[in-house]
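Since we're looking at a predicted model, the values are computed, not measured.
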Amino acid sequence: MNASDPSSEPEYISHLNPAQKEAVLAIDGPVSVLAGAGSGKTSVLTTRIYHLIRKGVPAHKILAVTFTNKAAREMRERLHVKLPDSPLPFVATFHGLGRELLQTYGTVMDIPRYFTIYDRDDSKSAIREALKALDVDPKEVPPSAILGRISKAKGEGQTLQEFRDKHGRESFRSRIVAEAWIRYEETLKREKSLDFDDLIVLPVRLLQNHEEVRLKVQERFSHIHVDEFQDTNELQGRLANLIAGKPQNLFVVGDIDQSIYTWRGATIDNLLKFEDTYASAKHIVLEHNYRSTKTIVDAANGVIEKNQNRKDKHAVTDNPEGEPITIHPSSTAESEARWIAQQAGRILRKGVVPEEIAVLFRTNFQSRALEEAFLHAGIPYRLLGTRFFDRKEVKDVLAWIRVALEPDREVDRMRAVQSPPRGIGKVTLGKLLAGKQSELRAADRTKVDAFEALLTSLREAAQTLVPSEFVKLVIERSGIQSALIKEGEDGQERLENAKELGTLASRHDGTPGLDGICTFLAEAALAGDQDEMDREEGKTGVTLMTVHAAKGLEFDTVFVTGLEEGLFPHEGMGNEERDEEEERRLFYVAVTRAKKKLILTLARMRRIYGTDYMSEPSSFLRDISPLLIHYDEADEYGAENIIEA
């Protein structure tokens with residue numbers, strides 16, 4: 001097929017620009033696509049997969065890896081529109097892919113077929129118990145710090161033994177980490193569980209150390225697609241390379257300018273050095289921005305081109321010039337928030353729907369003043385921050401489900417037996433977990449026996465019920481439903497949250513019994529930050545969120561708040577060049593969320609952790625051409641201060 005001859009092109013790529021077409025038609029060998037903000041990369045990915053299927057590649061041999069469950073669902077939905085009557089490719093997050101590989105092939109590493117997944121709270125609880133067993137006070141040595149060290153080591157591919165050999169004698173803290181890790185792994189093994197890091201590191205070891213499995217997986221997936229490749233860590237990049245194998249049909253899409261997760265272990269080197277890894281790789285750049293006005297695109301270019309560690313890319317657009325970028329300084333964080341709420345109200349009165357307005361902030365503490373201002377102004381809003389799956393009632397139901405399926409899960413057993421309370425105290429629990437049932441009083445034994453009988457009945461029901469019915473059964477029989485009803489209106493709202501799990505589980509009702517329930521549990525454990533927005537999709541309101549949470553989203557109007565030196569860019573990020581550049585990338589992400597209107601705000605004084613700080617305007621503001629800016633009226637200091645700063 002001659003890509004330069006329009007008459008030879010399939011109709012389904014006619015809407016694409018030349019660079020997008022080149023990416024879709026490059027179906028053999030390694031390909032890296034540098035995709036700028038708003039450049040239509042998702043359309044390219046889905047059209048390329050559709051093109052592969054039209055060219056005869058079976059859907060089940062195509063793999064697509066995204067970074068959030070939300071992105072994976074959106075890709076499946078788009079593909080379903082293109083292929084309404086056909087099977088779909090395997091689309092998952094990296095952790096979802098890891099779970100699939102371990103469930104399917106993990107028996108060669110003695111990994112059980114039906115393992116459960118520890119979320120971060122589960123892991124911290126297990127580490128806390130490990131520290132207690134070592135006579136270490138968790139208040140002196142925080143479990144979260146120990147877990148962070150273990151997670152970092154796992155993310156670097158280190159085994160427990162390698163960590164002990166390398167760090168075991170360095171310091172008291174390192175020895176504690178090593179000893180706690182031993183007990184943590186024992187807990188995971190006893191409860192037939194894995195943690196998030198295991199879902200990446202173990203599949204890598206599986207494919208590296210077991211050639212027969214590696215060949216099966218390479219045969220299973222002939223064409224691999226990875227979205228947001230700039231956010232992969234070293235192990236995730238290695239996993240993609242292992243699956244690609246000798247055919248090297250690896251198609252990666254990413255934007256170095258939007259790499260904002262190095263603090264999670266992501267490395268832009270996977271994308272920067274892709275051509276070094278694959279000498280025959282084709283490199284394609286998508287520079288046409290379909291999202292934003294020319295003013296916003298020009299401002300974004302001015303910001304990001306200050307970075308050195310990037311690949312050359314200059315966004316262009318055919319969109320209108322649009323409004324100038326507004327900069328509004330305020331005297332305090334509170335007056336900044338009040339002004340933002342007032343402006344949002346004015347925009348809403350012009351007929352803009354609330355969902356098309358977003359207020360972005362660098363750190364979570366900034367949300368307090370904004371929430372108060374929106375409440376006072378009577379403007380509906382939704383705060384994206386507290387995850388649905390972090391709510392107590394939701395975690396209680398999930399604990400009941402997990403312990404019903406796997407009775408050896410001590411963390412879940414302790415949570416379930418107290419949620420709701422059923423008269424089984426800590427002393428009784430301690431004896432129960434220590435295997436000293438014979439020491440229980442008759443009354444306590446009766447309560448324990450009733451609890452165990454309930455778990456047994458739920459376990460039996462799980463064999464045949466569809467997931468949504470099983471969730472409903474757990475909520476009713478556990479006593480969670482009746483306990484929440486007694487709490488009145490607040491309890492009713494929490495009960496609705498618990499019942500929402502049934503809605504989520506119903507996605508897997510096509511697979512009755514343990515397989516469907518385990519898949520639902522895995523989806524719940526892997527839920528990403530933006531899943532909270534999905535749950536509140538029916539609600540209306542201006543969206544308040546961190547810039548990190550906004551990545552991948554777009555809005556007509558975007559407020560970017562707190563543009564003060566030390567806050568955005570954040571203090572402590574100036575010790576290394578890479579850190580300074582990541583702060584600029586984060587600002588670039590914030591700017592490029594806006595389609596029509598971009599408003600940048602700052603405060604002269606901000607209270608942080610109880611102390612008032614006088615601030616200077618962010619250095620990022622000087623990266624935007626004055627020709628693109630409108631300085632709004634300031635209440636204490638004006639445009640001249642920003643320009644001279």
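The backbone N or O of Glu523 sits nowhere less than 3.5 Å from a side-chain atom of Asn69 that would complete a donor-acceptor pair. A donor-acceptor pair under 3.5 Å is absent between the side-chain atoms of Gln418 and the main chain of Arg415, judged by distance alone. Side-chain atoms of Ser457 come within 3.5 Å of backbone N or O of Leu454 as a donor-acceptor pair.
Using a cutoff of 4.0 Å between basic side-chain nitrogens and carboxylate oxygens, Lys499 and Glu393 are not scored as salt-bridged. A salt bridge does not link Asp408 with Arg413: none of the charged nitrogens is closer than 4.0 Å to a carboxylate oxygen. Salt bridge Arg120/Asp195: absent, no basic N to carboxylate O contact under 4.0 Å. Look at Lys70 and Glu74 and you find a salt bridge, because one of the NZ, NE, NH1 or NH2 atoms lies within 4.0 Å of a carboxylate O, short of that distance. A salt bridge is absent between Glu185 and Lys189; no separation between the charged side-chain nitrogens and carboxylate oxygens falls under 4.0 Å. With salt bridges taken as basic N to acidic carboxylate O contacts below 4.0 Å, none links Arg183 and Glu186. In this structure, Glu410 pairs ionically with Arg190, as a charged nitrogen and a carboxylate oxygen lie closer than 4.0 Å. Here Asp198 pairs with Lys154 in a salt bridge; the nearest charged N to carboxylate O distance falls below 4.0 Å. Comment: Glu77 does not engage Arg73 in a salt bridge, judged by the lack of any side-chain N to carboxylate O separation of less than 4.0 angstrom.
Open room surrounds NZ on Lys192; 12 or fewer heavy atoms of other groups in view lie less than 6.0 Å from it. Crowding of Lys41 atom NZ: a count of heavy atoms from other residues, nucleotides or ligands under 6.0 Å exceeding 12.
Arg593 is linked by a salt bridge (charged side-chain N to carboxylate O under 4.0 Å, His left out) to nothing, counting only residues two or more places apart in sequence or in another chain. Residues meeting the ring-ring contact (aromatic ring centres under 6.0 Å, His included) test with Phe94, sequence neighbours left out: Phe67.
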Name every donor-acceptor pair, under 3.5 Å, that has one atom in a side chain of residues 370-379 and the other anywhere in the protein, sequence neighbours excluded.
residue	atom	partner	partner atom	Å
Glu371	OE1	Tyr381	OH	2.5
Glu372	OE1	Arg368	NH1	3.3
Glu372	OE2	Arg368	NH1	3.2

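Aromatic pair His95/Phe196: ring centres closer than 6.0 Å.
No side-chain N or O of Thr107 forms a donor-acceptor pair with one of Arg113 less than 3.5 Å apart. Side-chain contact of Glu228 with Gln230: a donor-acceptor pair under 3.5 Å is present, judged by distance alone. Thr104 and Glu100 share a donor-acceptor pair across their side chains, judged by distance under 3.5 Å alone. Side-chain contact annotation: Arg362 with Thr546, donor-acceptor N/O pair under 3.5 Å absent. In summary, the side chains of Thr66 and Asp227 do not present any donor paired with an acceptor at a separation below 3.5 Å, with no hydrogens or angles considered. For the residue pair Thr543/Arg382, the side-chain donor-acceptor check at 3.5 Å is satisfied.
Aromatic ring orientation, Tyr184 versus Tyr118: tilted (interplanar angle from 30° to 60°). The aromatic rings of His548 and Tyr261 are tilted relative to each other, their planes meeting at an angle between 30° and 60°.
Between Val65 and Thr93, the shortest heavy-atom distance links the atoms CG1-C, 3.8 Å. What you find for Pro407 and Arg459 is that their closest heavy atoms are CB-NH2, 3.5 Å. Here the closest heavy-atom approach between residue Val471 and residue Ala505 is recorded as CG2-CB, 3.8 Å.
A heavy-atom distance below 4.5 Å is not found between the side chains of Arg220 and Lys61.
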